[in-house]
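In listed order, ligands and their atoms are each counted from 1.
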Amino acid sequence: MAKIGDIDVGDFPLLLAPMEDVSDPPFRALCKEQGADVVYTEFISSEGLIRDAAKSVMKLDIYEKERPVGIQIFGAVEESMLRSVEIVEASGPDIIDINFGCPVKKVVSKGAGAGILKDIDLMVSLTRAMVNHTKLPVTVKTRLGWDHDSIKIVEVAERLQDVGCAAISIHGRTRAQMYKGDADWGPIAEVKNNPRMHIPVFGNGDVNTPERAIEMRDKYGLDGAMIGRASIGYPWFFNEVKHFMETGTHKAPPTMKERIEAARRHLQMSIDWKGEVLGVFETRRHYTNYFRGIPHFKEYRMKLVTSDQSEDVFSALDLIEKEFGDYQFV
Ligand SMILES: Cc1cc2nc3c(=O)[nH]c(=O)nc-3n(C[C@H](O)[C@H](O)[C@H](O)COP(=O)(O)O)c2cc1C
């Protein structure tokens, strides 16, 4: 049974990865309904939060039904990170997560995200300061290292644990790899096999089938799997993994009607949360996966991703139900 601080997250929990512009409250709620055990917000800039930048502050919204939820922040300046811990705490998350893995240049160039992998002492001291500044469990999400020649993740994880980090999620790539190549879970298993480690070690990167999730548990011995891209437009992935773990068989994919219903609810929740314009716009990226693999669907997909008014998107979904309602997914 894995625990993040005092929070019981079950046996081999499945975590929804933080994903910018994806892991928002509506999507997190859908993933939670479909079996995610812990969900994380997208990363939020500590500098943005302390400037009270509206876009950053909005990202702090959480729904009761998605708990336990972690809010992820990034930054490299201790004072800003501590101030943002206070701001984050006020919105009542269960966990505060630090992003030490974002590979994007504009983040890394400020020494934040994966940039901190070049200064492990700072990574450890920032974590210590944050742990000491809050009663909430502080978790870390990071990568294997800056590049292939500087992988010290076993030592890094142990040091983070020693300053009070409550759990660590490790993406099996280096910063230099960005998203290229395959994620390497071997070094994550080395972290887990370190006899001094007692906090949960969650694996991340390329868990895209139930079989891969089982491999992470049984072959690599990790404490849980953090899932990102496989869930985009496919929140059912979490329950499919769980079903496979329990029965050894594949769960039938969601029916067309279930997909249409999820798309409708996703759109409605997005509009309720961020208004018509952004709600319509930001739900678009999910439709391709909701309706992947259906022949002769292009014209309908185009309607979903080019309509600016929610009523047009809802009408397109009605039309899809009429035309494709009986389509059988295999
Ligand atoms: C669209 C997108 C946005 C992401 N945004 C974040 C983020 O805000 N914070 C973070 O720690 N990682 C972020 N990531 C990385 C994911 O959390 C995850 O580490 C990565 O996608 C590998 O896992 P996967 O193979 O299951 O997708 C993002 C990834 C994607 C695809």
Q.
What's the separation between atom CZ in Phe291 and atom CG in Leu317, rounded to the nearest 0.5 Å?
A. 5.5 Å

Q.
Between His250 and His243, is the ring centroid distance below 6.0 Å?
A.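 Ring centroids of His250 and His243 are no less than 6.0 Å from each other.
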
State whether the shortest distance between N or O atoms of [X] and N or O atoms of ligand 1 falls below 3.5 angstrom.
X	result
Glu42	no
Ala230	no
Gly228	yes
Val207	no

Q) For atom 14 (N) of ligand 1, which candidate among Phe74, Tyr179, Phe43 holds the nearest heavy atom? A) Tyr179

Q) Of Glu20, Arg173, Arg212, which has the heavy atom at the shortest distance from atom 4 (C) of ligand 1? A)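 Checking each option, the heavy atom nearest atom 4 (C) of ligand 1 is found in Glu20.
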
Starting from [atom], what is the nearest protein heavy atom, named by residue and atom, and what distance separates them?
atom	result
atom 30 (C) of ligand 1	Met19 CG, 3.9 Å
atom 17 (O) of ligand 1	Pro18 O, 2.8 Å
atom 19 (O) of ligand 1	Asn204 OD1, 2.6 Å

Of all the atoms in ligand 1, which lie at a distance below 4.0 Å from a heavy atom belonging to [X]?
X	result
Lys141	10 (C), 11 (O), 12 (N), 15 (C), 16 (C), 17 (O), 18 (C), 19 (O)
Ala17	17 (O)
Gln72	7 (C), 8 (O), 9 (N), 10 (C), 11 (O)

Q.
Can you tell whether the side chains of Arg28 and Asp61 come within less than 4.0 Å, N to carboxylate O?
A. no

**Q.** Arg217 bridged to Asp11 by N-O distance under 4.0 Å
**A.**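 Between Asp11 and Arg217 there is no salt bridge, as every charged N stays at least 4.0 Å from the carboxylate O atoms.
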
(Q) Residue-level breakdown please: for Arg229 versus ligand 1, do any non-hydrogen atoms fall below 4.0 Å on the side chain, on the backbone, on both, or on neither? (A) both

Q. Is it the side chain, the backbone, both or neither of Asn99 that has a heavy atom closer than 4.0 Å to ligand 1?
A.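 Answer for Asn99: side chain.
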
Q: For a salt bridge (Lys or Arg N to Asp or Glu O under 4.0 Å) with Asp24, tell me which candidate from Lys55, Lys59, Lys274 qualifies.
A: Lys274

Q: May I ask you to check whether over 12 heavy atoms, not counting those of Met178, lie within 6.0 Å of atom CE?
A: yes

Q.
If you count heavy atoms of other groups shown closer than 6.0 angstrom to NZ of Lys3, is the number above 12?
A.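 Yes - once you tally the heavy atoms of other residues, nucleotides and ligands closer than 6.0 Å, there are more than 12.
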
Q: Go through Glu86 and His133 one step at a time and tell me if the side chain to side chain donor-acceptor pair (under 3.5 Å) criterion holds.
A: CA-CA 8 Å; Glu86 293 160 18; His133 205 64; 2.7 Å; yes

**Q.** Option among Phe324, Tyr287, Tyr290, Tyr327 that satisfies the ring-ring contact (aromatic ring centres under 6.0 Å, His included) test with Phe297
**A.**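 Single ring-ring contact (aromatic ring centres under 6.0 Å, His included) partner of Phe297 among Phe324, Tyr287, Tyr290, Tyr327: Phe324.
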
